[in-house]
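Below you'll find the structure, written out as structure tokens, and then a few comments.
Labels below follow one simple rule: chain letters A, B, ... track the order of the sequence lines, proteins then strands, and each chain is numbered from 1.
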Amino acid sequence: MTQYKSDLLRLLDERGYIHQLTDAEGLDTLASEQVVPGYIGFDATAPSLHVGSLVQIMMLRRLQQAGHKPVVLMGGGTTRIGDPTGRDESRKMLTDETIAANIASIRTVFAKLLTFGDGPTDAIMVNNNDWLGKLGYIELLQEVGTHFTVNRMLTFDSVKLRLDREQPMTFLEFNYMILQGYDFRHLNKHNAVRLQMGGSDQWGNIVNGIELTRRMDQREVFGLTTPLLTTADGKKMGKTAAGAVWLNEDALPAWDFWQYWRNADDRDVGKFLRLFTDLPLDEIARLEALQGSEINAAKVVLANEVTRLVRGEEAAKAAEATAATTFAGGGLGADLPTLEVAESEIGIIDALVGLGFAASRGEAKRLVAGGGARVDGEAVSDEGYRIQLADKEIRVSSGKKKHGVLRPA
RNA sequence: GGACAGGUGGCCGAGUGGUUAAAGGCAGCAGACUGUAAAUCUGCCCGCGCAAGCGUACGCUAGUUCGAAUCUAGCCCUGUCCA
């Protein structure tokens, strides 16, 4: 690997954030000489970002750690269009109120990981609706449209994918890359932003912004992308059967968030520690080197650290404690899902559904029939089984990992 | 506007009148093995019901038929080519 002279690129490089750079030398020089404001764009399609966006958020954190200025761009305007990148289907339209509410909710996570303020290296959050919303159509076509050729736009992966798969792409979405390019140019002009970062799928969009800025203002700006993050078994980060691993507490309980990291694939532990925690590299190297079942200790550290950063110290401690009593001790942890039971007894099927371990009664029955249901550690094979509460808490499990508590009301 | 092709379960994809709640694959859940890992093997995988069974489902709506995902008509949507 190249020997970088700037703290920024050294930091990003050694922790595994760099996939592609538009001009490594130029950026390296710039970052070693001055504070570089850099931005990453985020969608506002949901009230919470998920783990898939955490690499980007952490990269902004690294930017700040290296003495530069993170700019969080919320795509309030572009969300109204829908990024076609990597998608077969057009997005549904969101109302302005929904988008505004989403942005407010997403902001809470950034507040935990970045230091916001007015200082030179304090983070700021901007919303591209502020400038894109004011842009007139003719004005846009005239100013920006002349710098894009359709010939070139058609060669972009985001467009080609749709065409190859014979999926529709609306004109609306086709314009996304233009607006995103315009964002970079705008941020450069008004906030002195010099760098855009993003996932590797954003390379085309980033390059567009760089070229647009050069053509319109003759200013040089830089782009950097992260590797596409997949888990070792080839899945996208942040997706589980139960749905996305959301960063916001109200979208996913801290316990489940902690469990996501605790259950990481062995092969991913080192990579995740580097990307998602602030632990020093030599410490990570030590943890990563653990063999066999000892690697579980590293996974606990990973889960603790990430949960602490994203959800706070308390949440991390509570989750770790719950894991210790639940898995090691066979007891009950405070974080486990709980079902209040008013009666003195409850059927196993109702208990499983009530705890959210089965989506329907039929599913719960199949679980019991398959031998996956346990009450206080004992397998229950009779779907008519009644659990007697008798004033104490009962532990109900689905499989080996999902545990819940029945509590007399 | 015209011609042609197409719209099937979370996804991909078979299925051209009954034996189809719909092959197969992926994803998922559970069991075994383990380390709350991976890989592998096994079972499950629309809803309600103990069950027989009932309900719902193959773009939408009407129809033909004892019977339709399968046939007919109209409509909606998509792609390709033509205007």
Side-chain angles (χ1 to χ4, degrees), chain A residues 84 86-90 92 159-171 173 230-245 255-273 287-304 307 319-333 335-337 347-350 352-353 355-375 377-386 395-404:
Chain A
R87 285 170 191 276
D88 276 353
E89 282 175 34
S90 303
K92 54 190 179 297
V159 178
K160 252 180 18 195
L161 181 83
R162 289 281 183 91
L163 295 178
D164 290 349
R165 303 200 54 171
E166 301 191 349
Q167 295 291 330
M169 166 170 272
T170 62
F171 184 64
E173 296 169 283
T230 52
T231 54
D233 48 357
K235 292 178 197 109
K236 272 198 196 137
M237 276 295 288
K239 295 277 182 182
T240 67
V245 181
W255 168 246
D256 295 301
F257 186 80
W258 194 91
Q259 281 291 310
Y260 175 76
W261 299 101
R262 173 62 184 80
N263 284 311
D265 191 298
D266 285 6
R267 295 164 288 179
D268 289 326
V269 172
K271 178 167 76 175
F272 287 178
L273 283 167
L287 289 167
E288 191 179 16
L290 293 173
Q291 291 300 310
S293 61
E294 290 183 351
I295 193 103
N296 282 328
K299 292 184 188 179
V300 171
V301 173
L302 173 68
N304 283 343
T307 306
E320 187 187 12
T322 294
T325 49
T326 306
F327 287 100
L332 296 167
D335 263 9
L336 296 179
I348 180 72
I349 301 301
D350 292 322
L352 289 168
V353 173
L355 284 165
F357 292 161
S360 66
R361 294 176 59 76
E363 195 178 310
K365 284 172 194 166
R366 277 180 238 121
L367 181 67
V368 172
R374 281 187 195 74
V375 173
E378 296 294 317
V380 171
S381 55
D382 173 16
E383 60 185 60
Y385 183 80
R386 311 282 306 170
R395 166 190 171 118
V396 175
S397 314
S398 163
K400 297 225 165 65
K401 291 189 207 166
K402 282 183 278 187
H403 306 285

[X] [atom1] to [N] [atom2]: how many Å, rounded?
X      : N     : atom1 : atom2 : value
A:K402 : B:C29 : NZ    : P     : 6 Å
A:D268 : B:A39 : CG    : C1'   : 15 Å
A:W255 : B:U36 : CH2   : P     : 12 Å
A:D265 : B:A37 : CG    : C1'   : 6 Å
A:L302 : B:G35 : CG    : C1'   : 16 Å
A:L367 : B:G28 : CG    : C1'   : 13 Å
A:F357 : B:U36 : CZ    : C1'   : 14 Å
A:E320 : B:U36 : CD    : P     : 16 Å

Aromatic rings A:W255 and A:W258: how do their planes relate, parallel, tilted or perpendicular, breaks at 30° and 60°?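 Rings of A:W255 and A:W258: parallel, as their planes differ by under 30°.
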Closest heavy-atom contact between [X] and [Y]?
X      : Y      : value
A:L336 : A:T326 : CD1-OG1, 3.7 Å
A:K400 : A:H403 : O-NE2, 2.9 Å
A:A303 : A:W261 : CA-CB, 3.6 Å
A:F327 : A:Q259 : CE1-NE2, 3.7 Å
A:L352 : A:V368 : CD1-CG2, 3.8 Å

Between [M] and [N], how far apart are the [atom1] atoms? Round to whole Å, please.
N     : M     : atom1 : answer
B:C50 : B:U42 : P     : 31 Å
B:A68 : B:U78 : C1'   : 24 Å
B:A52 : B:U70 : P     : 28 Å
B:C11 : B:A27 : C1'   : 8 Å
B:C71 : B:U8  : P     : 16 Å
B:A14 : B:A69 : C1'   : 12 Å
B:C45 : B:C29 : P     : 16 Å
B:A51 : B:G59 : C1'   : 36 Å

Checking the side chain of [X] only, and the main-chain atoms of [Y] only, is there a donor and an acceptor separated by less than 3.5 Å?
X      : Y      : answer
A:K299 : A:A264 : yes
A:Q291 : A:A289 : yes
A:T307 : A:N304 : no

Indicate, with a heavy-atom threshold strictly under 4.0 Å, whether A:G384 touches base, sugar-phosphate, or nothing.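 No contact.
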Do any N or O atoms of the protein come closer than 3.5 Å to N or O atoms of nucleotides 43-48 of chain B, and which pairs are they?
{"from": "B:G47", "atom 1": "OP1", "to": "A:S360", "atom 2": "OG", "distance (Å)": "2.9"}
{"from": "B:G47", "atom 1": "OP2", "to": "A:R366", "atom 2": "NH2", "distance (Å)": "2.6"}
{"from": "B:C48", "atom 1": "OP1", "to": "A:R361", "atom 2": "N", "distance (Å)": "2.9"}
{"from": "B:C48", "atom 1": "OP2", "to": "A:G362", "atom 2": "N", "distance (Å)": "2.9"}

Just name whichever nucleotide pairs with [N], Watson-Crick or G-U, keeping both distances under 3.5 Å, else none.
N     : answer
B:G18 : B:C66
B:G74 : B:C60
B:C29 : B:G43
B:U80 : B:A3

Which residue lies more 5' along RNA chain B, comparing A:K401 with A:E383 via nearest heavy atoms: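 Of the two residues, A:K401 wins.
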Could you write out each protein N or O paired with an N or O of nucleotides 31-33 of chain B at a distance under 3.5 Å?
{"from": "B:A32", "atom 1": "OP2", "to": "A:K400", "atom 2": "NZ", "distance (Å)": "2.6"}

To the side chain of A:N263, which of B:U36, B:C29, B:A37 is closest?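 Shortest atom-to-atom distance from the side chain points to B:U36.
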Closest to the A:D266 side chain: B:U36, B:A30, B:G35?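 Nearest to the side chain of A:D266 among the choices is B:G35.
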Could I get the full list of salt bridge (charged side-chain N to carboxylate O under 4.0 Å, His left out) partners for A:E320, not counting sequence neighbours?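 Scan of A:E320 (salt bridge (charged side-chain N to carboxylate O under 4.0 Å, His left out), adjacent residues dropped) gives none.
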Distance in Å, A:D256 CG paired with A:N263 CG, rounded so as to fall on 0.5 Å steps: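 A:D256 atom CG to A:N263 atom CG measures 10.5 Å (nearest 0.5 Å).
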